[in-house]
A.B. asks: 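Have a look at this one before I ask anything.
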Amino acid sequence: MKRNGYTAAIAIAAVILAGCSSTPPGNDQNVQTDSTVTTVPDTSAVVETWAVTEATDLDPANAEAIVDGPDGTSQKAPSPINGIELSYYAIEVEIGDSFMPIVTMYPETASSSDKGEIWESADTSIATVDSQGTITGVSPGYTTVTVKSEKNPNVFAAVSVRVYDGDDYYGYDSGYDDDVVRRIELTYNSIDMDVGDTDMPYVTMHPSYAEDVSEIWTSSDENVATVDGKGNITAVAPGYAVITVKAAARPEIFTTVTVHVNGDLYLDRSTAAAETGAPAPSSEDEGGEGTEAPADDPDDLVSITKSDRPGAVHEIRLTFYSTEMEIGQTIMPIVTMLPDDAYDTSEIWTSSDENVATVDSKGNITAVGIGECIVTVQSESDPDVEANVSVKVRTSGSEPTYIDGIMIVNKSYPLPEDYNPGVDPTAQAAVDELITAAAREGLNIFVSSGFRSYERQKTIYDQYVERSGKEEADTYSARPGYSEHQTGLCFDLNSIDDTFAETKEYAWLKDHAHEYGFIIRFPEGKEDVTGYQFEAWHIRYLGVDTATKVYESGLCLEEYLGVDSRYPD
């Protein structure tokens, strides 16, 4: 069974919030402002530490139970904790701010005394963490925060932390050009694998127009999991390891995947010798996977296995593990519980954020609000066995979407068909003022197109599709409901073609539009981000303060708000 965690990859402003949340602004702007290179925690000793020993050798403070071993001696029972899951695996935090991920230890039925946590920061000069898991930003840079099971430190999870200075969020004082990698996003940051499995997270380098997007992949413990130069992770042996991917151009920019390789864990006699004085094994003594140590030789390997009750559910499979939905939409994955002859296949369904998506007892997932969350199905007979669905909810277009007080309309965020405000009077007054100011400079600027209704945009778009085909039309014309013109906040000026970019009017507009509350909405070089070709003539009203901030950032509106622009289909 594979249980994938993920980043709230999708979008973050100052932090990827714990659990699920509505998408805040600025999540694509993870700009490193310090060249400190951090390392992931040392996980080279990821093996089970349950040792055969005499009862008199046990530390009473750590001994939860004494059991009879296969050789007839008394021994300490292993901690039941076999996995840790976090509500997020990568965060941004401003200097002085604090955030705390939600920790789930598995099995959830373990006693509270078994669920103690040990928190560590790889670089406390960048971020500290207290015993409760509260992460606090100290100085700009990147580091890794790790949580381990107190009773079984070989079980852990890691959080990639970026700390930024609030006065320099975009990092333009860092000495790097605008076209370098600022953040790395993976489709998941935690994975369960079986020995021999191979998997590869999909990597997105931000910004998308970075010149060098090459990657460096490393494993903290190649005895547990290896990774090649393309990010193919291969499970080698049971245990835990951290896989790290760095930007080759800026190795201080990185993120991680916590890998748990399932299977029986073994204690070899070299480990036992360190704890009990038992003789070290020879190569002939080593047992293979699934091999039980003979009862008459207590110095050989001790097999530690999960309870395989007859008829118990061992794995849950789903027809899909991620979905994008619109508000109001309902969808249900088909569940298969294995083995087929399991005696109890009843299910428990939960949502990590019911403000984003709810789920009923049958597994019907209903999108409620914009954001991301995880829907989980567990075996009622054994809640340790589960499967997750990553849910991303987009707007249904039932109402305009505002992010940080700014209405956003693009290929990801539509407007209702009946949204019909006409030209915004404040925007109209501002463009009149802009035209007057340009005239004082001897320039001729005029409005060619302003507000368009849903119906008018449909007519225009259909004509373009008929002329150019849908794929090409989508690069320069918005589908009905996805056009900024329907907001009443934008204007097309002068000639609506490429020749306008060569005029004195455009040269002035590019440098002065923000002074009147406007931005060039689809700037040159941002086509992959906005989803549209460069349009020198298209301006969008944001108000003077916001337009100035966007202008000075050098970002397009999608980058500034941390959102994407992609049609659902």
A.B. asks: Is the closest basic N to carboxylate O distance between Glu524 and Lys510 below 4.0 Å?
C.D. replies: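 Judged by the 4.0 Å cut-off on N to carboxylate O distance, Glu524 and Lys510 do not form a salt bridge.
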A.B. asks: To check you understand the geometry: which heavy-atom pair defines the closest contact between Pro400 and Tyr419, and what is its length?
C.D. replies: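 So the two residues come closest at CG-CE1, 3.6 Å.
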A.B. asks: Looking only at the aromatic ring of each residue, does the gap between the centers of Tyr482 and Tyr567 stay below 6.0 angstrom?
C.D. replies: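 So the answer is yes for these two rings.
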A.B. asks: Using a 3.5 Å distance criterion without hydrogens, assess whether the side chain of Thr128 forms a donor-acceptor pair with backbone atoms of Thr124.
C.D. replies: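 No, the answer is negative, given that no donor and acceptor are paired below the 3.5 Å cut-off.
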A.B. asks: Would you say Val161 and Ile126 make side-chain contact, with heavy atoms under 4.5 Å?
C.D. replies: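 No - every pair of side-chain heavy atoms lies 4.5 Å or more apart.
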A.B. asks: Does Thr136 form a side chain to side chain contact (heavy atoms under 4.5 Å, CB included) with Val93? I'd like the steps, not just the answer.
C.D. replies: CA-CA 8 Å; Thr136 302; Val93 56; over 6 Å; no
A.B. asks: State the CE-OG1 distance between Met200 and Thr187, to the nearest 0.5 angstrom.
C.D. replies: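 Interatomic distance, Met200 CE to Thr187 OG1, rounded to 0.5 Å: 9.0 Å.
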A.B. asks: Which pairs, with at least one residue in residues 128-139 and sequence neighbours excluded, count as a salt bridge (charged side-chain N to carboxylate O under 4.0 Å, His left out)?
C.D. replies: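 Every pair satisfying salt bridge (charged side-chain N to carboxylate O under 4.0 Å, His left out) with a residue in residues 128-139: there are none.
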A.B. asks: Do the side chains of Asp228 and Lys230 get close enough for a salt bridge, i.e. N-O under 4.0 angstrom?
C.D. replies: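 No, this pair does not count.
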A.B. asks: Over all heavy atoms of both residues, which pair between His512 and Tyr516 is shortest? Give the atoms and the distance, please.
C.D. replies: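 What the structure gives for the nearest pair is O-CD1, 3.3 Å.
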A.B. asks: For the OG1 atom of Thr104 and the CG atom of Leu86, what is their distance to the nearest 0.5 Å?
C.D. replies: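 These two atoms lie 8.0 Å from each other.
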A.B. asks: Closest heavy-atom contact between Tyr560 and Ser553?
C.D. replies: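 Distance-wise, the nearest heavy atoms are CD1-OG, 4.1 Å.
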A.B. asks: Flag the pair Leu493 / Ile539 as yes when at least one side-chain heavy-atom distance between them is below 4.5 Å, and no otherwise.
C.D. replies: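 Yes, side chains in contact.
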A.B. asks: Over all heavy atoms of both residues, which pair between Phe254 and Ser160 is shortest? Give the atoms and the distance, please.
C.D. replies: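 That closest heavy-atom pairing would be CE1-OG, 4.0 Å.
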A.B. asks: Hey, are Thr366 and Thr330 close enough side-chain-wise for a donor-acceptor pair under 3.5 Å?
C.D. replies: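 Thr366 and Thr330 do have a side-chain donor-acceptor pair below 3.5 Å.
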A.B. asks: So does Glu484 pair up with Arg540, basic N to acidic O under 4.0 Å?
C.D. replies: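 A salt bridge is present here (some side-chain N lies under 4.0 Å from a carboxylate O).
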A.B. asks: Got a sec: does the CG of Asp545 have more than 12 other heavy atoms crowding it under 6.0 Å?
C.D. replies: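 No, the 6.0 Å shell around CG holds no more than 12 heavy atoms from other groups.
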A.B. asks: Strictly by modelled atom types, are Asp199 and Tyr188 linked by a side-chain donor-acceptor pair under 3.5 Å?
C.D. replies: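 On atom types as modelled, these side chains qualify, holding a pair under 3.5 Å.
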A.B. asks: Is the backbone N or O of Arg479 less than 3.5 Å from a side-chain atom of Ser483, with the two atoms forming a donor-acceptor pair by type?
C.D. replies: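 Checked: no pair found.
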A.B. asks: Under a 4.0 Å threshold between the charged nitrogen and the carboxylate oxygen, would Arg467 count as salt-bridged to Asp462?
C.D. replies: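 Not counted as a salt bridge, because no side-chain N and carboxylate O are separated by less than 4.0 Å.
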A.B. asks: Between Glu559 and Leu557, is there a donor-acceptor pair closer than 3.5 Å when you use the side chain of the first and the backbone of the second?
C.D. replies: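 A pair under 3.5 Å: no.
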A.B. asks: Would you tell me whether His206 and Glu185 have side-chain atoms, one donor and one acceptor, within less than 3.5 Å of each other?
C.D. replies: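 A donor-acceptor contact under 3.5 Å links the two side chains.
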A.B. asks: To the nearest 0.5 angstrom, please state how far the CD atom of Glu441 sits from the CD atom of Glu505.
C.D. replies: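 Output value for this atom pair is 11.5 Å.
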A.B. asks: Would you indicate whether the side-chain heavy atoms of Val356 and Val368 approach each other to under 4.5 Å?
C.D. replies: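 The answer is no, as the side chains (C-beta and beyond) never meet within the 4.5 Å cut-off.
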A.B. asks: Go through the steps for Thr376 and Asn388 under the test side chain to side chain donor-acceptor pair (under 3.5 Å), then give the verdict.
C.D. replies: CA-CA 5 Å; Thr376 302; Asn388 295 326; 2.8 Å; yes
A.B. asks: So, Lys526 side chain and Leu555 main chain: donor-acceptor pair closer than 3.5 Å or not?
C.D. replies: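 Absent.
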A.B. asks: Which distance, rounded to the nearest 0.5 Å, do you find between the CG of Leu318 and the CE of Met332?
C.D. replies: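 Output value for this atom pair is 11.5 Å.
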A.B. asks: Going by the angle between their ring planes, with limits at 30° and 60°, are Tyr506 and Phe534 parallel, tilted or perpendicular?
C.D. replies: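 Perpendicular, since the angle between the ring planes exceeds 60°.
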A.B. asks: Please check if the side chain of Ser468 supplies one atom and the backbone of Ala473 the other of a donor-acceptor pair under 3.5 Å.
C.D. replies: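 No, the answer is negative, given that no donor and acceptor are paired below the 3.5 Å cut-off.
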A.B. asks: Hey, does the side chain of Thr244 reach the backbone of Thr256 with a donor-acceptor pair shorter than 3.5 angstrom?
C.D. replies: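 Side chain of Thr244 to backbone of Thr256, a donor-acceptor pair under 3.5 Å: no, none is there.
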A.B. asks: Identify the two heavy atoms, one from Ala547 and one from Leu542, that lie closest to each other, and give their separation to 0.1 Å.
C.D. replies: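 Heavy atoms of Ala547 and Leu542 come nearest at N-CB, 4.0 Å.
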A.B. asks: Does Asp404 reach the main-chain N or O of Ile406 with its side chain, forming a donor-acceptor pair under 3.5 Å?
C.D. replies: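 Side chain of Asp404 to backbone of Ile406, a donor-acceptor pair under 3.5 Å: no, none is there.
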A.B. asks: Just wondering, do Pro421 and Thr487 contact through their side chains at under 4.5 Å, heavy atoms?
C.D. replies: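 No - every pair of side-chain heavy atoms lies 4.5 Å or more apart.
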A.B. asks: Should Val259 and Val242 count as side-chain neighbours, where that means a heavy-atom distance under 4.5 Å?
C.D. replies: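 Side-chain contact under 4.5 Å: no.
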A.B. asks: Between Arg521 and Ile519, is the side chain to side chain contact (heavy atoms under 4.5 Å, CB included) condition met? List the steps.
C.D. replies: CA-CA 5 Å; Arg521 180 62 180 88; Ile519 60 169; 4.3 Å; yes
A.B. asks: Counting only heavy atoms not in Tyr202 (residues, nucleotides, ligands), do more than 12 fall under 6.0 Å from its OH?
C.D. replies: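 At most 12 heavy atoms, drawn from other residues, nucleotides or ligands, come within 6.0 Å of this atom.
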A.B. asks: Looking at Arg452, is its backbone amide N or carbonyl O close enough to the side chain of Asn420 to form a donor-acceptor pair, meaning the two atoms are under 3.5 Å apart?
C.D. replies: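 Pair absent, no side-chain N/O of Asn420 close to backbone of Arg452.
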A.B. asks: Mark yes when over 12 heavy atoms from residues, nucleotides or ligands other than Glu455 sit less than 6.0 Å from its CD; otherwise mark no.
C.D. replies: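 More than 12 heavy atoms, drawn from other residues, nucleotides or ligands, come within 6.0 Å of this atom.
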A.B. asks: Does a side-chain heavy-atom distance below 4.5 Å link Arg250 with Val180?
C.D. replies: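 Arg250 vs Val180: side chains touch.
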A.B. asks: Checking Asp564 against Ser412: is there a side-chain donor and acceptor pair closer than 3.5 Å?
C.D. replies: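 A donor-acceptor contact under 3.5 Å links the two side chains.
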A.B. asks: Does any N or O in the side chain of Thr546 come within less than 3.5 Å of the main-chain N or O of Gly543, such that one atom is a donor and the other an acceptor?
C.D. replies: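 A pair under 3.5 Å: no.
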A.B. asks: Working to the nearest 0.5 angstrom, can you tell me the gap between Leu509 CG and Leu434 CG?
C.D. replies: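 Nearest 0.5 Å value for the CG-CG distance: 6.0 Å.
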A.B. asks: Are Ser390 and Ser322 linked by a side-chain donor-acceptor pair shorter than 3.5 Å?
C.D. replies: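 Checked: Ser390/Ser322 side chains show no N/O donor-acceptor pair below 3.5 Å.
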A.B. asks: Just grab all the ring pair (Phe, Tyr, Trp, His ring centres under 6.0 Å) pairs involving residues 427-467, residues at least two apart or on different chains.
C.D. replies: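 Qualifying pairs, neighbours excluded: Tyr464-Tyr476.
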A.B. asks: Gln428 vs Asp424, test: side chain to side chain donor-acceptor pair (under 3.5 Å). Steps then yes/no.
C.D. replies: CA-CA 6 Å; Gln428 181 65 63; Asp424 182 90; over 6 Å; no
